[in-house]
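Values reported hereafter were calculated over all heavy atoms of this structure, with side chains retained and with hydrogens, waters and symmetry mates removed.
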Amino acid sequence: SARCGSPPILSLLASRAPSPRLGRVLGGLRLELEGRRAESLRSTRDAVRGRYLSGFSAAADWQASTAELEASEAEIERLREAIRRSDRGLSVLLGDLGLEPADVPRTLPAVDIAPLAAVPAEVLAARPDVDAALARLRAEGAAVRVARKALLPSFRITADISQGAATPGDLLKGDPVWTLLGSLAAPLLNRRALRAELDASRWRAQRAAVAYRGVLLDAVVEVEDALGAEVAFSRRLPRLEASRRHAELSYRSFDRRFSRGLADILDLLTAQRVAFDAESRLLEARVERLQNRIDLALALGLEFQ
């Protein structure tokens, strides 16, 4: 779960770049799935071998089942190397020069969307980019006020001016008076430069306001995109689950029919491939949804623990 402030949202991914570690978890799950597929193919090949030796299957059946098994074994080797490469990449990111295998969970963590969707819009102000844009806007606004003030005559009449001045004419003979006149004249003489600085400050403030608006709009769009994707996942995942379930039932049916000699080996291998592909698609969709929920938490400016 996650909430505004310092919420514990996901102990697995506590950095701004969660994708590499999450990808490593997905790689491990894919390897496990492909291992189960290879084991199933091995059982099928052994059954075909027994039928072939008994004269109930042709050599083509043995070759077809063996080809599927070899392809699965090759995929397992590819996934293992991909995991080793992912481990090395994570070691570099974590500053581990030993390049040890990454310690990651073997299952996907659960992240509830309800606390994220219930966060008020004001929490967007906690995002670092939004907060930084607002700070720049405030700073430029302060610069405009300073530039405007510089255009005005700035002076202070002190007691030194009146002390020792018996008549008004004596005021022109004292140094403080000339200092006063100089402070009055300086803004007037330099008015063009001060006006240019004021105009430049106003332009920078307007640019900061536009930038702040852009950053805020980007933040809102990111949140809306993540929430929209969550709605799509809520509709997509049940269909993928149903697809996996029906594909598994079809595979089991073909397996029983093949064992009775009522189905062809190619039909069995096809059903088997469809069943594992459906499970793989479901797994990838679950990972995508998890990544989307992490992105939503980041878009809301929530902190990780």
Side-chain angles (χ1 to χ4, degrees), residues 19-91 99-109 236-291:
S19 296
R21 197 167 189 185
L22 185 58
R24 171 61 177 82
V25 176
L26 176 59
L29 294 175
R30 282 175 172 167
L31 178 61
E32 180 182 348
L33 177 61
E34 192 62 35
R36 289 193 287 111
R37 180 169 182 264
E39 186 61 30
S40 177
L41 286 170
R42 192 172 293 107
S43 298
T44 301
R45 186 197 61 177
D46 293 344
V48 171
R49 181 174 182 274
R51 290 169 59 85
Y52 172 71
L53 294 177
S54 300
F56 294 104
S57 292
D61 295 345
W62 160 263
Q63 293 169 352
S65 60
T66 301
E68 286 287 326
L69 176 59
E70 292 297 333
S72 179
E73 294 287 358
E75 179 65 12
I76 287 176
E77 292 302 324
R78 187 190 72 81
L79 291 173
R80 284 174 176 169
E81 175 55 30
I83 288 176
R84 287 191 289 267
R85 180 174 298 181
S86 179
D87 285 342
R88 290 191 290 269
L90 285 173
S91 297
L99 300 180
E100 295 294 332
D103 182 17
V104 296
R106 299 178 62 88
T107 58
L108 292 177
R236 175 184 171 194
L237 284 172
R239 294 183 180 276
L240 290 175
E241 179 63 36
S243 174
R244 184 204 63 79
R245 184 171 61 254
H246 289 297
E248 179 65 22
L249 292 174
S250 175
Y251 165 58
R252 293 184 181 277
S253 175
F254 273 103
D255 189 38
R256 289 192 298 268
R257 292 175 60 188
F258 177 77
S259 63
R260 297 172 185 173
L262 302 177
D264 186 78
I265 182 61
L266 295 180
D267 294 333
L268 174 61
L269 293 176
T270 299
Q272 189 179 46
R273 189 183 309 113
V274 169
F276 279 97
D277 287 346
E279 187 171 356
S280 178
R281 285 194 297 271
L282 179 60
L283 172 62
E284 291 178 359
R286 287 173 175 170
V287 172
E288 290 176 10
R289 181 179 63 175
L290 177 59
Q291 182 64 62

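Atom CZ of Arg36 and atom CG of Leu31 lie 11.5 Å apart (nearest 0.5 Å). Taking CZ of Arg24 as the reference point, atom CG of Asp87 lies at 4.5 Å (rounded to 0.5 Å). In this structure, the separation between CG on Leu269 and CG on Asp61 is 8.5 Å, given to the nearest 0.5 Å. Between the CG atom in Leu26 and the CD1 atom in Ile83 there is a gap of 9.5 Å [rounded to 0.5 Å]. In this structure, the separation between CZ on Arg30 and CD1 on Ile76 is 14.5 Å, given to the nearest 0.5 Å.
Residues forming a side-chain contact (heavy atoms from CB on, under 4.5 Å) with Ala60 (at least two apart in sequence, or on another chain): none. When the side-chain contact (heavy atoms from CB on, under 4.5 Å) test is applied to Ala278, the partners found at least two apart in sequence or on another chain are Ser243, Arg244, Ala247, Arg281. Evaluation of the salt bridge (Lys or Arg N to Asp or Glu O under 4.0 Å) rule for Arg85 yields no partner, not counting sequence neighbours. Applying the side-chain contact (heavy atoms from CB on, under 4.5 Å) criterion to Ala285, with sequence neighbours excluded, gives Arg236, Leu237, Leu240.
Within the 4.5 Å cutoff, no side-chain heavy atoms of Asp267 are placed close to those of Phe258. The side-chain heavy atoms of Val287 and Val25, taken from C-beta on, include no pair separated by under 4.5 Å. Annotation: side chain of Phe254 is not in contact with side chain of Gln272 (no heavy-atom distance under 4.5 Å).
Heavy atoms only, all atoms of each residue included: Leu79 and Glu34 are closest at CD1-CB, 3.9 Å. The heavy-atom pair separating Ala275 from Tyr251 by the smallest distance is CB-CB, 4.0 Å. The nearest pair of heavy atoms linking Leu69 to Ala38 is CD1-O, 3.4 Å. Across all non-hydrogen atoms, the minimal contact from Leu41 to Ser72 is CD1-CB, 3.7 Å.
Applying the side chain to side chain donor-acceptor pair (under 3.5 Å) test to residues at least two apart or on different chains, none of the pairs has a partner in residues 254-265. For residues 67-83, the pairs satisfying salt bridge (Lys or Arg N to Asp or Glu O under 4.0 Å) are Arg37-Glu68, Arg42-Glu73, Glu68-Arg273, Glu75-Arg78, Glu77-Arg80, Glu81-Arg84, Glu81-Arg88, with sequence neighbours left out.
Counting non-hydrogen atoms of neighbouring residues, nucleotides and ligands closer than 6.0 angstrom, the CZ atom of Arg239 reaches no more than 12 such neighbours.
Of the possible donor and acceptor atoms, one in the side chain of Thr270 sits under 3.5 Å from a partner among the backbone N and O of Leu266. The backbone N or O of His246 lies less than 3.5 Å from no partner atom in the side chain of Ser250, so there is not a single donor-acceptor pair.
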Decide side chain to side chain contact (heavy atoms under 4.5 Å, CB included) for Arg49 and Arg45; before the verdict, give the C-alpha distance in whole Å, the side-chain angles of both, and the deciding distance to 0.1 Å.
CA-CA 6 Å; Arg49 181 174 182 274; Arg45 186 197 61 177; 5.6 Å; no
Mind running side chain to side chain contact (heavy atoms under 4.5 Å, CB included) on Val48 and Thr66 for me, showing each step along the way?
CA-CA 9 Å; Val48 171; Thr66 301; over 6 Å; no
